[in-house]
Amino acid sequence: MAIEVKLEDRIAWVNLISQKDNILEVEVDGVVYKVDLMHTADGTFSIIENGHSYNIELVPHKQPKKYTAHTLYKSLEVEIIDAEARYLKNRGSNGFSSNENTISSPMPGKVVKILVNEGDKVKEGEILIIISAMKMESEYSAPKDGIVNKINVKNGDTIEGNQILIELE
Amino acid sequence: MAIEVKLEDRIAWVNLISQKDNILEVEVDGVVYKVDLMHTADGTFSIIENGHSYNIELVPHKQPKKYTAHTLYKSLEVEIIDAEARYLKNRGSNGFSSNENTISSPMPGKVVKILVNEGDKVKEGEILIIISAMKMESEYSAPKDGIVNKINVKNGDTIEGNQILIELE
Amino acid sequence: MDQINKVLIANRGEIAIRIMRTCRELDIETVAVYSEADRTSLHVRYAHEAYYIGKSPSSESYLNIEKIIDVAKNSGADAIHPGYGFLSENAEFAKRCTEEGITFIGPTPEVIVQMGDKLKAREAMTKAGIPVVPGTKNAIKTEEEALSVIKEIGLPVMIKASAGGGGKGMRLVHEESQVVAAARAARSEAKAAFGDDSVYIEKYINSPHHIEFQILADGHGNAVHLFERECSIQRRHQKMIEETPSPLMTQELRDKMGESAVEAAKAVNYTGAGTIEFLVDNDLNYYFLEMNTRLQVEHPITERVTGIDLVKQQIKIAEGQELEFTQEDLFQKGHSIECRIYAEDPDNNFMPSPGKIYKISEPLGLGVRTDGYVYEGYEIPIYYDSMISKLIVWGKTRDEAINRMRRALYEYKITGVKTSIKFLERIMNNRNFIDGKYDTHFIEKNQEQLALSIPCEDCDDIVIIAAFIDYLDKIDKNRENNKEFAPAQSRWKNTPIINQF
Amino acid sequence: MDQINKVLIANRGEIAIRIMRTCRELDIETVAVYSEADRTSLHVRYAHEAYYIGKSPSSESYLNIEKIIDVAKNSGADAIHPGYGFLSENAEFAKRCTEEGITFIGPTPEVIVQMGDKLKAREAMTKAGIPVVPGTKNAIKTEEEALSVIKEIGLPVMIKASAGGGGKGMRLVHEESQVVAAARAARSEAKAAFGDDSVYIEKYINSPHHIEFQILADGHGNAVHLFERECSIQRRHQKMIEETPSPLMTQELRDKMGESAVEAAKAVNYTGAGTIEFLVDNDLNYYFLEMNTRLQVEHPITERVTGIDLVKQQIKIAEGQELEFTQEDLFQKGHSIECRIYAEDPDNNFMPSPGKIYKISEPLGLGVRTDGYVYEGYEIPIYYDSMISKLIVWGKTRDEAINRMRRALYEYKITGVKTSIKFLERIMNNRNFIDGKYDTHFIEKNQEQLALSIPCEDCDDIVIIAAFIDYLDKIDKNRENNKEFAPAQSRWKNTPIINQF
């Protein structure tokens with residue numbers, strides 16, 4: 001069974017060659033690894049490869065086939081690209097488009113102040129909305145010149161992470 | 001909904017009077033408690049009753065309706081006695097009988113030495129089998145005079161907790 | 001004063017638990033108060049008693065003086081510990097406690113007023129002969145006034161909340177054009193944090209070191225200092241790492257500043273635990289910055305090198321007892337460092353990262369202390385501070401302490417939210433930090449090195465394998481009748497770890 | 001000798017991790033070895049490298065000298081740390097290391113032989129003028145010989161494994177009729193634990209205190225002691241609680257015994273960390289009992305009061321470095337206590353309780369250290385020791401340390417297996433312990449008080465409510481269409497805490 005796995009910007013081709021209990025042979029981009037892989041009771045993968053001991057924790061995202069992987073040294077974004085994922089990707093509908101027409105906050109918080117109204121003309125860099133979270137205020141400005149098309153929140157609203165707050169035309 | 005709950009040796013009559021979200025009114029042996037009960041994400045019940053903060057962790061047994069409950073001060077055995085449980089209890093078939101004819105070890109371990117053979121006559125207090133676990137040896141002796149009916153293990157065997165090792169006649 | 005038997009802790013998070021720990025060691029019962037967002041927070045579960053005091057925003061709960069006083073009275077608490085932040089430097093709160101016959105564990109309302117108002121504090125210190133940073137004598141009312149003051153003392157300047165502390169309501173201004181926005185932001189933050197939006201202006205000192213002295217003063221005229229804490233590693237004017245002794249300090253300067261700190265405390269008849277913050281420039285001139293009339297976040301490093309439990313001392317002083325030790329009994333033994341663990345994204349301008357904690361592994365073993373409050377599955381509320389834990393280490397030498405901190409940060413794993421842990425690890429590997437050569441601009445000056453994570457090419461392939469196997473197992477579960485992958489042995493599967501409710 | 005760059009730890013459990021922590025702080029790479037039962041044990045996961053060495057019984061893995069030497073050579077480890085137990089006092093192992101050019105972190109094989117054989121050790125100490133307990137000069141071969149020796153020195157006596165330590169292979173004999181069974185049991189345990197079943201007999205001292213001195217000696221003729229550890233709280237001849245300073249100790253006796261300990265070390269040209277165990281009677285006479293030529297389980301309390309990382313010192317000495325401090329540089333600061341957390345049932349004769357760990361909450365905060373190795377979901381193997389963790393506290397005074405230990409034990413929660421935690425809590429509340437009045441018979445003498453748990457009538461009803469609600473929720477889940485109970489709000493339900501594999 002061979003598929004592609006995306007790790008940050010890299011796309012790797014992965015293939016399971018053989019398995020006997022917890023001893024696996026896996027090929028990654030042409031390199032064959034013989035690993036002793038255990039899923040420990042506290043939810044971490046303990047992998048021993050050529051004597052080296054690795055601990056990897058996978059935190060699954062809400063989107064299927066996506067993980068944040070934590071190694072002892074860093075955190076990495078991982079995505080499984082199987083046939084289904086490739087199909088969706090080709091259709092351009094995997095839910096992620098770089099949209100310069102919306103303002104959203106990467107974290108949950110509260111709307112402190114909206115500085116514009118629907119229909120206002122705004123200039124690139126103009127501050128549109130102030131969000132507070134954990135006692136810190138963040139100002140969000142227009143990514144480009146435009147007209148405020150829609151404001152989805154009002155002062156004092158509690159917001160989710162990645163919620164679209166303001167839409168520009 | 002009223003049932004009986006057995007806590008160690010005590011049998012208490014319990015009734016849920018009302019519930020609104022996490023605020024419950026529960027009657028225990030005629031005493032009405034108004035409790036704020038939350039099941040926290042780390043698996044503990046946080047209960048606030050009349051301002052007092054209790055933390056109770058229930059560890060379910062393999063047998064249904066049985067728990068070991070851990071409070072901040074002690075550990076307690078709890079059992080729910082509903083209609084089904086009462087039925088089984090009356091039939092005397094709830095799996096727990098005080099059997100003086102068997103030798104079992106309360107913990108997993110390894111058989112060091114069996115000192116008798118099937119058919120041997122033994123006297124009360126005579127050592128029948130030696131079990132080792134965690135580098136400690138324990139000697140198990142006959143609970144009464146009798147004849148060794150059956151020996152279910154042999155020297156060197158790894159045993160489970162509560163496994164019947166030797167049966168007397 | 002009488003013995004304290006029951007303490008209400010008017011706070012939340014790690015500091016509430018920190019205080020309850022000492023109370024438990026003193027056989028004092030504890031009363032927690034909680035907002036809507038904090039029903040399952042650890043301080044509620046740690047306390048003997050717990051009472052709901054209002055909605056999640058702190059203005060409706062942790063800042064509600066009358067509600068907290070009510071709970072104290074109804075629960076029979078004979079004292080209130082305010083922790084830090086919230087009402088800890090609110091003179092009105094201290095006054096209301098006293099009026100109701102409840103011991104406020106802290107200084108008198110008069111002292112809080114005097115030192116809490118940064119301008120009055122500067123005045124008192126000047127009188128006592130302690131150097132202060134040049135700046136305005138009075139609060140500024142308007143942005144125009146700010147502009148005129150700035151013309152007088154010259155740029156750059158700091159705009160600071162009069163009621164401030166903890167880096168809140170503070171803005172650095174380099175250019176006149178920034179003044180209006182900076183003053184607005186400082187006022188708004190000050191209002192949110194302290195309920196008072198007045199600000200003042202101070203000359204900005206280049207390459208300053210932020211060094212503070214811990215003091216303890218009893219009601220019998222005795223006062224001591226417990227040496228310095230070096231707090232220059234800051235991001236967004238908030239401390240990130242503190243250590244004691246300070247690598248900048250000389251014994252001569254320590255004696256001099258320590259004396260000034262004790263004089264400062266005596267000048268205002270201070271009682272309890274307090275901190276005198278100084279700015280120290282590269283020529284080792286020092287200036288009084290402000291006094292914090294409460295426990296500091298970073299108090300554990302002082303506890304570690306002196307062996308003194310500061311919360312215990314606060315309680316004893318509040319009971320009216322005399323200090324058990326004099327200046328001569330106090331020594332700094334070894335070296336202690338604290339790292340603050342924030343739920344934030346260091347790679348994205350330290351943006352807060354609230355959310356649900358997935359998994360925690362605490363660092364343990366020799367010379368390591370953690371003071372935290374989050375647990376697995378806990379959702380960090382958006383309403384309060386983003387600091388979720390403090391990691392404190394001790395070593396016989398500064399080198400040993402740094403190595404130990406590196407090891408402890410390596411062991412510390414919190415997933416589910418972004419944290420400052422990896423960033424702190426990079427600081428522990430930074431040559432300038434290791435050499436003790438840093439000031440409050442450390443993070444900006446070293447940002448390039450601090451942005452680099454440790455490369456691990458092998459790890460990458462192993463991560464890919466882990467994700468791949470997890471995926472195979474998942475599709476295997478979906479296609480029960482078509483088993484093409486038998487999952488590796490797993491203890492987890494048969495573990496009834498979770499008490500499903 | 002050269003700098004050590006990679007260490008193989010020939011051990012498992014908490015001590016393997018303890019050693020790896022210091023290695024990490026010294027930038028030394030670590031190599032773990034593991035038996036079949038330990039594939040997912042924490043020491044395997046903590047190390048840089050990990051290698052399988054055999055089946056679960058220690059005779060087939062952790063005691064397999066050649067296999068471990070092989071792994072060390074193949075992985076390029078330049079040193080081996082043996083921890084305690086297993087091969088730590090095996091002279092053959094130390095010899096094989098030396099032969100293969102691997103640094104053995106411990107004393108020379110010759111010293112291990114001399115001190116490991118308790119009879120030779122007694123002889124060496126007698127020569128050096130250090131008092132020893134009256135007993136046999138040679139190992140006894142038969143039960144008949146034991147009987148004749150006993151007639152000579154009089155009952156009661158202790159039968160002890162010649163190769164022994166850690167309470168293994170030890171039996172107290174009060175009556176002649178017990179001798180045969182006791183000797184058999186001691187031999188059998190000794191054989192299992194040390195691979196050598198020879199035993200000897202010592203006069204039994206009534207009401208003895210078990211007090212030991214930590215020593216450090218380098219290869220340049222320097223030796224110091226790091227003061228005493230009081231280890232009299234024992235169950236089944238195994239230590240349960242240790243503290244330093246000893247409540248029995250006087251400064252005069254400390255100096256005298258410390259000097260004896262250093263003399264003992266020098267008499268055998270000892271190198272590394274070692275412990276001289278003494279028995280002290282009520283008249284403060286002391287007798288050499290044995291020398292442990294390795295790290296002790298209870299070493300952390302010495303680390304805490306002296307500030308010395310003993311594992312670091314072991315490594316430096318093994319590298320051939322000179323001690324950085326002299327006796328005059330060493331002080332006992334404050335008071336430290338260790339409680340050993342065993343997976344056992346204190347209410348049932350301390351019967352081991354292996355099994356699966358359900359949930360752990362570690363005690364944290366001021367003055368608390370834990371050294372453990374189990375994690376949630378981990379299954380404690382039946383093959384090894386039942387000690388799963390050590391809890392070490394420090395306080396400025398003994399009182400503060402006891403209060404802190406009480407608080408830490410209150411916070412420490414391990415469920416799924418039975419543990420000694422609640423029993424230790426009762427000891428911390430025992431009047432005789434608090435007064436420092438105890439000897440090695442403490443647990444028997446105080447068993448009545450120690451059997452009593454703290455009553456909590458209210459708790460009982462609340463437990464009943466919790467179980468009841470859990471039950472209602474479960475039947476509710478079974479009868480989806482007939483909802484008579486809506487479960488209380490639960491964060492847990494929606495938490496994807498577990499990465500199901």
Side-chain angles (χ1 to χ4, degrees), chain B residues 1 3 5 7 14 16 19-26 33-80 82 95 108 158 160-163, chain C residues 6 8-9 12 16-17 20 23-24 29-34 36-53 70-77 355-362 372-381 414 416-417 494-501:
Chain B
M1 168 105 214
I3 55 162
V5 176
L7 181 87
V14 195
L16 176 65
Q19 184 198 4
K20 193 173 174 295
D21 297 330
N22 50 309
I23 309 295
L24 311 169
E25 272 191 309
V26 184
Y33 293 92
K34 190 175 170 188
V35 298
D36 174 347
L37 180 148
M38 296 285 281
H39 195 221
T40 58
D42 57 355
T44 303
F45 283 88
S46 166
I47 300 178
I48 299 177
E49 191 273 320
N50 196 21
H52 288 263
S53 179
Y54 298 90
N55 293 276
I56 291 161
E57 191 194 338
L58 294 178
V59 181
H61 288 206
K62 280 179 189 166
Q63 301 99 317
K65 300 174 195 167
K66 288 196 176 205
Y67 306 91
T68 301
H70 300 273
T71 71
L72 299 179
Y73 302 102
K74 55 185 171 179
S75 299
L76 298 157
E77 296 303 309
V78 193
E79 188 182 348
I80 305 289
D82 57 7
T158 299
E160 300 285 312
N162 295 316
Q163 182 185 336
Chain C
K6 194 190 258 194
L8 182 148
I9 293 95
R12 64 179 302 282
I17 294 161
M20 289 179 195
C23 288
R24 197 167 275 280
E29 297 226 338
T30 52
V31 179
V33 291
Y34 63 94
E36 196 167 14
D38 276 340
R39 168 62 185 87
T40 55
S41 212
L42 207 55
H43 74 285
V44 174
R45 301 164 60 194
Y46 196 98
H48 290 87
E49 299 177 33
Y51 299 91
Y52 173 77
I53 51 163
D70 270 1
V71 170
K73 285 164 70 181
N74 291 334
S75 65
K356 201 169 290 211
I357 301 287
Y358 188 86
K359 222 169 89 62
I360 303 176
S361 299
E362 304 271 1
Y373 79 103
V374 301
Y375 54 85
E376 295 185 1
Y378 178 74
E379 181 147 8
I380 306 168
I414 299 177
V417 298
N494 304 316
T495 309
I497 291 292
I498 309 112
N499 182 16
Q500 288 288 359
F501 175 61

Side chain, backbone, both or neither: which part of A47(C) has a non-hydrogen atom closer than 4.5 Å to chain B?
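Answer is backbone: N, CA, C or O of A47(C) sit under 4.5 Å from chain B.
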Side chain from CB out, backbone as N, CA, C, O: work out which of these in N50(B) comes under 4.5 Å of a heavy atom of chain C, or both, or neither.
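Backbone only.
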Listed by chain and number, what are the salt bridge (Lys or Arg N to Asp or Glu O under 4.0 Å) partners of E29(C), not counting sequence neighbours?
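In terms of salt bridge (Lys or Arg N to Asp or Glu O under 4.0 Å), with neighbours along the sequence ignored, E29(C) is linked to no residue.
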Going by salt bridge (Lys or Arg N to Asp or Glu O under 4.0 Å), name the residues that satisfy it together with K34(B), two or more places apart in sequence or in a different chain.
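With sequence neighbours excluded, K34(B) shows a salt bridge (Lys or Arg N to Asp or Glu O under 4.0 Å) to no residue whatsoever.
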Full working for side chain to side chain contact (heavy atoms under 4.5 Å, CB included) between I48(B) and Y34(C):
CA-CA 12 Å; I48(B) 299 177; Y34(C) 63 94; 3.5 Å; yes
Nearest-0.5 Å distance, OG1 of residue T40(B) to CD of residue E376(C):
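The OG1 atom of T40(B) sits 11.5 Å away from the CD atom of E376(C).
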Is there a donor-acceptor pair under 3.5 Å between the side chain of R45(C) and the backbone N or O of I47(B)?
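Checked: no pair found.
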Treating S53(B) as the side-chain partner and V44(C) as the backbone partner, does any N or O pair qualify as donor plus acceptor under 3.5 Å?
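It does hold such a pair.
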Search all heavy atoms of R39(C) against all heavy atoms of N22(B) and return the closest pair with its distance.
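Closest pair (atom of R39(C), atom of N22(B), distance): NE-ND2, 4.4 Å.
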